[in-house]
Amino acid sequence: MDRFVINGGIPLEGVLEVSGSKNAALPVAVAAGILGTTDSRIHGVPDLKDIETLCGVLEHLGVRTSYHDGSLSIGASDSLGIEAPYDLVRKMRASIYVLGPLLARFGQARVSFPGGCAFGPRPVDLHLRGMEALGATVRVEHGFIIAEAGRLRGAEMSLMGPHGTSVGATANVLMAAVLAEGTSTIHDAAAEPEIVDLADFLNAMGARITGAGTNTLVVEGVPSLKGVEYTIIPDRIEAGTFLLAGAITRGDIRVRGARRQHLSSVLGKLTEADVWLDWDGKDCRVTVPNGIRSVDVSTETYPGFPTDMQAQFMGLMCLAQGTSRITENIYIERFMHVPELQRMGAQIALDDNAALVSGVRSLSGAPVMASDLRAGVVLVLAALAAQGETVVSRVYHIDRGYERIEHKLSSVGADIRRVAD
Ligand code: EPU
């Protein structure tokens with residue numbers, strides 16, 4: 001298991017390029033591999049552990065994949081396996097994305113039931129409810145979700161969950177509805193940019209989806225979809241993380257290639273915190289001419305403040321003037337980074353699904369442990385700003401979602417190196 005050794009206190013300077021979006025690439029690759037009747041080529045796919053795992057799932061089903069320099073080639077096939085086993089699904093929950101497309105194209109799917117994850121329970125009831133609405137019978141047996149149907153039938157449904165809309169359920173049901181007979185109307189659909197990217201990709205394949213980016217999707221089923229060439233959107237969470245790396249080190253960074261409209265809530269909160277942002281074409285320059293002000297943040301579904309930026313923003317607030325309240329509304333237990341930040345001297349008190357962060361003058365380097373992707377990357381951010389050396393262990397969590405992060409950060413002056421155990 002690799003570790004990052006980071007010596008903090010260096011203001012970062014230079015350009016950080018944003019990679020393609022992990023969470024958009026995952027469902028797009030699944031759609032290409034299972035729904036396409038001809039080959040697809042997807043560009044802007046980040047070189048990440050999660051992408052490798054997903055390719056493993058597709059290969060297991062019989063899909064040919066090959067990855068080179070950001071482009072993923074996916075071979076079409078007329079017959080595929082229909083089972084995603086435990087060993088693959090437990091590595092990555094997004095493996096559940098194969099459920100809808102397998103059901104739609106081949107009339108059956110067996111997917112290992114995903115377990116909990118580091119930041120609490122993550123049910124899949126909405127995914128299953130959506131498949132049932134489209135006419136599938138779904139049962140859980142011996143740890144597997146088993147779904148069967150003849151041709152799926154278009155239906156009207158709501159995918160509202162207890163914490164709002166669901167990205168995963170929307171993507172999964174959308175990938176099923178595109179091949180259903182007749183029209184489906186999905187109310188309370190997620191409006192995240194990754195869903196829009198998936199809908200754009202499916203439409204390029206020949207699907208007929210309208211309403212992407214709103215909470216109502218209307219899908220007119222088509223008999224088949226062809227493979228296409230497509231480029232994934234930039235990763236808004238990586239972009240936001242880089243903006244925070246600039247801010248927390250009080251550096252002078254240009255984050256290149258992000259889409260401004262995808263980041264509006266994060267940009268708004270940074271501006272409130274007196275972080276200066278200047279856009280110049282594809283670059284967003286981030287500087288902190290004054291101190292960082294404390295601001296309150298509440299995570300919401302898009303276009304609200306993303307849960308995937310909560311940990312990183314908390315890192316910044318640890319060094320702000322004043323007290324901020326950070327409320328987590330999507331995954332109410334997503335606070336594993338708190339005890340690790342406390343080890344670095346942060347003043348944080350948990351209050352139900354909120355964290356009260358009292359800014360301190362400085363953090364101090366310490367040995368800390370990543371427990372998931374975002375809870376891991378905030379430790380890197382904190383370490384970049386802290387005095388002295390921090391050792392972040394279990395960086396495989398960070399590798400799931402950040403492409404060559406230590407190279408990118410070194411290129412703007414960070415003192416970070418990877419050490420293999
Ligand atoms: N939910 C249910 N039932 C379901 C599905 C979801 O109750 O059947 C609940 C969840 O427990 C949660 C809320 O609905 O409280 C939203 O979950 P959602 O389904 O939107 O999450 P997801 O699709 O499992 C994706 C991202 C996550 C990101 C969330 C929220 C991928 C592969 N994952 O997960 O990304 O946090 O949306 O935006 O796209 C990450 O990249 O670090 C990450 C965890």
Side-chain angles (χ1 to χ4, degrees), residues 18-32 35 42-46 94 97 100-101 104 126-127 130 133-134 154-161 163-180 183-222 225 228 230-240 257-269 279 282 284 298-309 329-330:
V18 179
S19 299
S21 162
K22 165 181 83 84
N23 289 347
L26 292 169
V28 162
V30 170
L35 295 173
I42 304 162
H43 305 290
V45 177
Y97 278 151
L126 300 171
H127 300 237
L134 294 172
E156 185 159 359
M157 69 185 89
S158 159
L159 290 180
M160 182 53 85
H163 301 287
T165 55
S166 159
V167 174
T170 302
N172 218 341
V173 174
L174 186 60
M175 288 187 280
V178 285
L179 290 186
T183 303
S184 298
T185 305
I186 306 173
H187 298 285
D188 306 308
E192 269 68 2
E194 295 76 20
I195 295 292
V196 177
D197 210 30
L198 173 63
D200 286 346
F201 177 72
L202 290 166
N203 281 341
M205 294 178 89
R208 301 179 71 181
I209 303 163
T210 55
T214 75
N215 294 117
T216 307
L217 294 173
V218 178
V219 187
E220 272 179 60
V222 295
L225 295 170
V228 287
Y230 191 78
T231 301
I232 296 291
I233 54 169
D235 196 309
R236 64 193 169 105
I237 306 300
E238 188 197 31
R259 293 220 185 139
R260 187 175 183 168
Q261 69 273 27
H262 291 171
L263 282 162
S264 56
S265 58
V266 174
L267 300 176
K269 284 295 168 187
W279 284 85
K282 285 184 153 195
C284 180
S298 251
T299 64
E300 310 286 348
T301 54
Y302 191 81
F305 193 91
T307 174
D308 289 343
M309 286 298 300
N329 293 310
I330 311 294

- Non-hydrogen side-chain atoms of His187 and Glu156 separated by less than 4.5 Å: yes
- Message: Using modelled atom types and a 3.5 Å cut-off, is there a donor and acceptor pairing between side-chain atoms of Glu194 and backbone atoms of Val167?
- Response: no
- Between Thr170 and Ala190, is there a donor-acceptor pair closer than 3.5 Å when you use the side chain of the first and the backbone of the second? yes
- Message: Donor-acceptor pair, distance only, cut-off 3.5 Å: does the side chain of Ser265 make one with the backbone of Gly304?
- Response: yes
- Query: Under a 4.5 Å cut-off applied to non-hydrogen side-chain atoms, are Asp188 and Ser158 in contact?
  - Reply: yes
- Look only at the side chain of Asp197 and the backbone of Ala24, and say whether a donor-acceptor pair between them is shorter than 3.5 Å. no
- Note on the structure: Result for side-chain contact (heavy atoms from CB on, under 4.5 Å) between Ser184 and one of Leu174, Leu217, Leu134 points to Leu134
- Item | Contacts of type ring-ring contact (aromatic ring centres under 6.0 Å, His included), residue Tyr230, not counting sequence neighbours | Phe201
- Query: Looking at CD1 of Ile237 and CG of Leu263, how far apart are the two atoms once the value is rounded to the nearest 0.5 Å?
  - Reply: 7.5 Å
- Query: CE/Met309 to CD/Glu238 distance, rounded to the nearest 0.5 angstrom?
  - Reply: 11.0 Å
- Query: Do you know which two heavy atoms are closest between Ala31 and Leu202, and how far apart they sit?
  - Reply: CB-CD2, 3.8 Å
- Query: Do Pro101 and Asn172 come within less than 4.5 Å of each other through their side chains, counting heavy atoms only?
  - Reply: yes
- Task: Kindly compute the distance separating CE (Met157) from OG1 (Thr185), expressed to the nearest 0.5 Å.
- Result: 8.5 Å
Show me, pair by pair, the donor-acceptor contacts under 3.5 angstrom made by side chains of residues 207-214, not counting sequence neighbours?
{"from": "Thr214", "atom 1": "OG1", "to": "Gly211", "atom 2": "O", "distance (Å)": "2.6"}
{"from": "Thr214", "atom 1": "OG1", "to": "Thr216", "atom 2": "N", "distance (Å)": "3.1"}
{"from": "Thr214", "atom 1": "OG1", "to": "Thr216", "atom 2": "O", "distance (Å)": "3.0"}

- Nearest 0.5 Å, what's the NZ-OG distance between Lys269 and Ser298? 8.0 Å
- Task: Taking side chain to side chain contact (heavy atoms under 4.5 Å, CB included) as the test, write out the residues that go with Ala94, two or more places apart.
- Result: Leu26, Met92, Tyr97
- Message: Using the side chain to side chain contact (heavy atoms under 4.5 Å, CB included) criterion, which residues pair with Pro234? Sequence neighbours excluded.
- Response: Val18, Arg259
- Glu192: salt bridge (Lys or Arg N to Asp or Glu O under 4.0 Å) partners, not counting sequence neighbours: none
- Task: State which residues pass side chain to side chain contact (heavy atoms under 4.5 Å, CB included) with Thr307; sequence neighbours excluded, sorted by chain then number.
- Result: Thr299, Glu328, Ile330, Tyr331, Arg334
- For the atom pair CE (Met205) and CG (Leu225), what is the distance rounded to the nearest 0.5 Å? 5.0 Å
- Atom CG in Asp235, atom NZ in Lys22: separation rounded to 0.5 Å? 8.0 Å
